[in-house]
Engineer: 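Please find one structure pasted underneath; my questions will follow.
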Amino acid sequence: MSKLKIAIQKSGRLSEKSIQLIEECGIKLPNGGGKLITESTNFPVEVLFLRDDDIPEYVDQGVADIGVIGENVLLESRKNITIVEKLGFSACRLSLAVPKEIDYPDLAYFNGKKVATSYPNILSDYFEQNDINATIEFISGSVEIAPGIGLAAGICDIVSSGSTLLSNGLKEVEKVMSSQAVLVTSGNLEAEKQAILNKLLFRIRAVQKAKESKYILLNAPNEKLDKIVKILPGMNSPTILPLAKEGWSSLHSVIGEDKFWDVIDALKDAGAEGILVVPIEKMIV
Ligand SMILES: Nc1ncnc2c1ncn2[C@@H]1O[C@H](COP(=O)(O)OP(=O)(O)OP(=O)(O)O)[C@@H](O)[C@H]1O
Ligand SMILES: O=P(O)(O)OC[C@H]1O[C@H](OP(=O)(O)OP(=O)(O)O)[C@H](O)[C@@H]1O
Ligand SMILES: [Mg+2]
């Protein structure tokens with residue numbers, strides 16, 4: 001029976017979350033051992049642990065069927081592979097930065113200047129689209145030190161909190177792209193592997209959906225239920241159960257994590273009491 005080969009980063013910013021996602025899908029992986037390839041004991045997948053930059057090539061070649069990488073690495077690779085699912089973790093951006101004391105006018109600042117980056121393809125496309133004529137200096141890591149050692153006038157690198165820029169005396173001046181972890185495939189899977197991927201995607205979506213939602217329970221006097229129900233945007237209509245206390249009910253519903261804080265005050269004002277909000281592990285809609 002065929003197995004779906006999944007390439008994930010061996011060690012780095014994507015590793016832990018990639019393994020966590022696989023495990024949250026109920027796919028068991030043997031513990032540790034430093035192996036670079038491992039098989040699940042309860043789902044037809046093999047996991048390959050690789051450098052993230054190598055994953056696009058392996059997926060393109062069919063050595064791996066799917067892979068987890070940042071959108072930045074996908075775009076830089078210029079491979080003919082496609083995103084099957086955005087995974088929502090390792091959110092960051094690729095930005096241009098210059099020494100903080102520079103009085104930066106606009107993108108034209110980079111005309112005739114040298115810019116250091118590990119993303120020469122993305123950056124040259126970006127400069128071309130914006131009619132900027134700059135020299136791109138490729139360096140594979142520690143890009144933030146380039147201006148300080150006189151290698152370049154600016155850099156283009158990953159920014160998340162901004163603390164690496166700050167500690168190297170740089171400031172972000174232009175966002176080139178946003179990125180998050182994505183699941184990619186070459187799109188040439190044989191039927192049996194595609195069926196495994198479909199099963200995996202179904203589980204990933206259930207896990208993702210659950211993370212975006214919370215299960216809410218509250219108590220309220222019966223005469224206030226109508227008003228409370230109108231405040232709660234649920235999956236379907238909420239469940240209402242009578243409480244032992246005469247004239248009171250317990251109401252259960254599912255609510256978007258992003259909406260929760262907006263509606264909580266409205267619920268209290270409408271007479272809700274004993275509000276409990278609990279995480280959902282999986283959600284099939
Ligand atoms: N500070 C950050 N916050 C959030 N996401 C990040 C951050 N830095 C990088 N990423 C994302 O995680 C991916 C992997 O980053 P990491 O720094 O582990 O890569 P790397 O050093 O190239 O690793 P490798 O050794 O596998 O080549 C990046 O391509 C990017 O999409
Ligand atoms: O804006 P920040 O939150 O500071 O994050 C940005 C930094 O994070 C990444 O490096 P990482 O820490 O993964 O180390 P690496 O360069 O060794 O990959 C990236 O290359 C930046 O240097
Ligand atoms: Mg890398």
Side-chain angles (χ1 to χ4, degrees), residues 5-22 29 34-38 47-61 63-64 66-79 81-100 104 115-126 136-149 151-185 204 208 211:
K5 293 194 186 105
I6 310 177
I8 64 171
Q9 191 186 26
K10 182 176 176 290
S11 82
R13 294 270 185 174
L14 300 167
S15 313
E16 212 180 289
K17 292 270 176 58
S18 303
I19 292 174
Q20 192 187 331
L21 179 70
I22 292 172
L29 300 175
K35 280 172 79 176
L36 297 180
I37 180 158
T38 188
V47 181
L48 279 58
F49 298 93
L50 303 167
R51 289 278 312 268
D52 68 341
D53 317 64
D54 296 334
I55 293 177
E57 169 74 10
Y58 286 173
V59 170
D60 190 38
Q61 299 277 324
V63 174
I66 58 171
V68 176
I69 46 173
E71 287 175 286
N72 51 312
V73 167
L74 170 64
L75 196 62
E76 180 63 24
S77 76
R78 290 183 170 160
K79 296 281 182 227
I81 54 178
T82 49
I83 297 177
V84 260
E85 191 74 13
K86 298 204 173 198
L87 300 173
F89 58 83
S90 297
C92 56
R93 54 197 184 274
L94 194 60
S95 290
L96 282 159
V98 297
K100 64 177 187 311
Y104 177 80
V115 183
T117 188
S118 308
Y119 299 91
N121 292 335
I122 298 175
L123 187 58
S124 67
D125 288 350
Y126 178 79
I136 295 172
E137 183 73 35
F138 173 80
I139 41 176
S140 61
S142 303
V143 175
E144 290 92 347
I145 64 164
I149 58 173
L151 184 69
I155 64 154
C156 177
D157 199 21
I158 299 288
V159 183
S160 176
S161 66
S163 64
T164 309
L165 290 184
L166 194 70
S167 57
N168 285 284
L170 302 172
K171 63 178 176 188
E172 187 176 2
V173 290
E174 307 282 350
K175 185 174 93 176
V176 174
M177 72 175 289
S178 298
S179 178
Q180 61 175 286
V182 289
L183 193 69
V184 292
T185 176
I204 289 176
Q208 306 270 80
K211 280 189 183 152

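Atoms within each ligand, like the ligands themselves, are counted from 1 in listed order.
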Engineer: For the residue pair Arg13 and Ser90, what are the closest heavy atoms and their distance?
Structural biologist: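 Smallest heavy-atom distance, with atoms named: O-OG, 3.4 Å.
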Engineer: Nearest 0.5 angstrom please: Met177 CE to Leu123 CG, how far?
Structural biologist: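 Answer for the CE-CG pair, Met177 versus Leu123, is 12.5 Å.
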Engineer: Nearest 0.5 Å, what's the OG-CD1 distance between Ser18 and Ile55?
Structural biologist: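 Answer for the OG-CD1 pair, Ser18 versus Ile55, is 7.5 Å.
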Engineer: Heavy atoms only: which of Ile158, Leu50, Ile8, Asp54 lies closest to atom 9 (C) of ligand 1?
Structural biologist: Ile158
Engineer: For ligand 1, which atoms, with element, lie under 4.0 Å from some heavy atom of Ser160?
Structural biologist: 1 (N), 2 (C), 3 (N)
Engineer: Strictly under 4.0 angstrom, heavy-atom based: which residues surround ligand 2?
Structural biologist: Arg13, Glu144, Asp157, Ile158, Val159, Ser160, Ser161, Gly162, Ser163, Thr164
Engineer: Under the ring-ring contact (aromatic ring centres under 6.0 Å, His included) rule, collect the residues that match up with Phe138, sequence neighbours excluded.
Structural biologist: none
Engineer: Taking the non-hydrogen atoms of Ser118, is any one of them nearer than 4.0 angstrom to ligand 1?
Structural biologist: no
Engineer: If we count only N and O atoms by modelled type, under 3.5 Å, do the side chains of Glu57 and Gln61 hold a donor and an acceptor together?
Structural biologist: yes
Engineer: For atom OH of Tyr58, decide whether the heavy atoms of other residues, nucleotides or ligands shown that lie under 6.0 angstrom number more than 12.
Structural biologist: no
Engineer: Using a strict 4.0 Å cut-off to heavy atoms of Gly12, name the atoms of ligand 1 that fall inside it.
Structural biologist: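 That gives atoms 18 (O) of ligand 1.
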Engineer: Run the numbers for me: atoms of ligand 1, each under 4.0 Å from some heavy atom of Gln9, listed by number.
Structural biologist: 14 (C), 16 (P), 18 (O), 19 (O), 20 (P), 23 (O), 24 (P), 26 (O)
Engineer: Go through ligand 1 atom by atom and flag the ones less than 4.0 Å from a non-hydrogen atom of Gly70.
Structural biologist: 31 (O)
Engineer: Using a heavy-atom cut-off of under 4.0 Å, does the side chain or the backbone of Ser161 touch ligand 1, or both, or neither?
Structural biologist: neither
Engineer: Is there a side-chain contact between Asp53 and Glu76 in this structure, where contact means two heavy atoms from C-beta onward sitting under 4.5 Å apart?
Structural biologist: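 A side-chain contact is absent here, since even the closest heavy-atom pair is not under 4.5 Å.
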Engineer: Could you list the atoms of ligand 1 found under 4.0 angstrom from a heavy atom of Asp53?
Structural biologist: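 Listed by number with element: 22 (O), 27 (O).
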Engineer: Below 4.0 angstrom from a heavy atom of Val73, which ligand 1 atoms are there? Numbered from 1 as shown, please.
Structural biologist: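 Near Val73, the atoms of ligand 1 are 29 (O).
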Engineer: Can you establish whether the number of heavy atoms outside Lys171 located under 6.0 Å from its atom NZ is more than 12?
Structural biologist: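 More than 12 heavy atoms, drawn from other residues, nucleotides or ligands, come within 6.0 Å of this atom.
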Engineer: Looking only at heavy atoms, is any part of Asn72 under 4.0 Å from ligand 1, and if so is it the side chain, the backbone, or both, or is it neither?
Structural biologist: side chain
Engineer: Can you tell me if Thr164 and Glu144 form a side-chain donor-acceptor pair at under 3.5 Å?
Structural biologist: no
Engineer: Should we count CD of Glu16 as having more than 12 external heavy atoms under 6.0 Å?
Structural biologist: no
Engineer: Would you say the side chain of Ser179 lies within less than 4.5 Å of the side chain of Leu94, judging by non-hydrogen atoms?
Structural biologist: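 The answer is no; the side chains never approach within 4.5 Å.
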Engineer: With heavy atoms only and a cut-off of under 4.0 Å, state how Arg51 meets ligand 1: side chain, backbone, both or neither.
Structural biologist: both
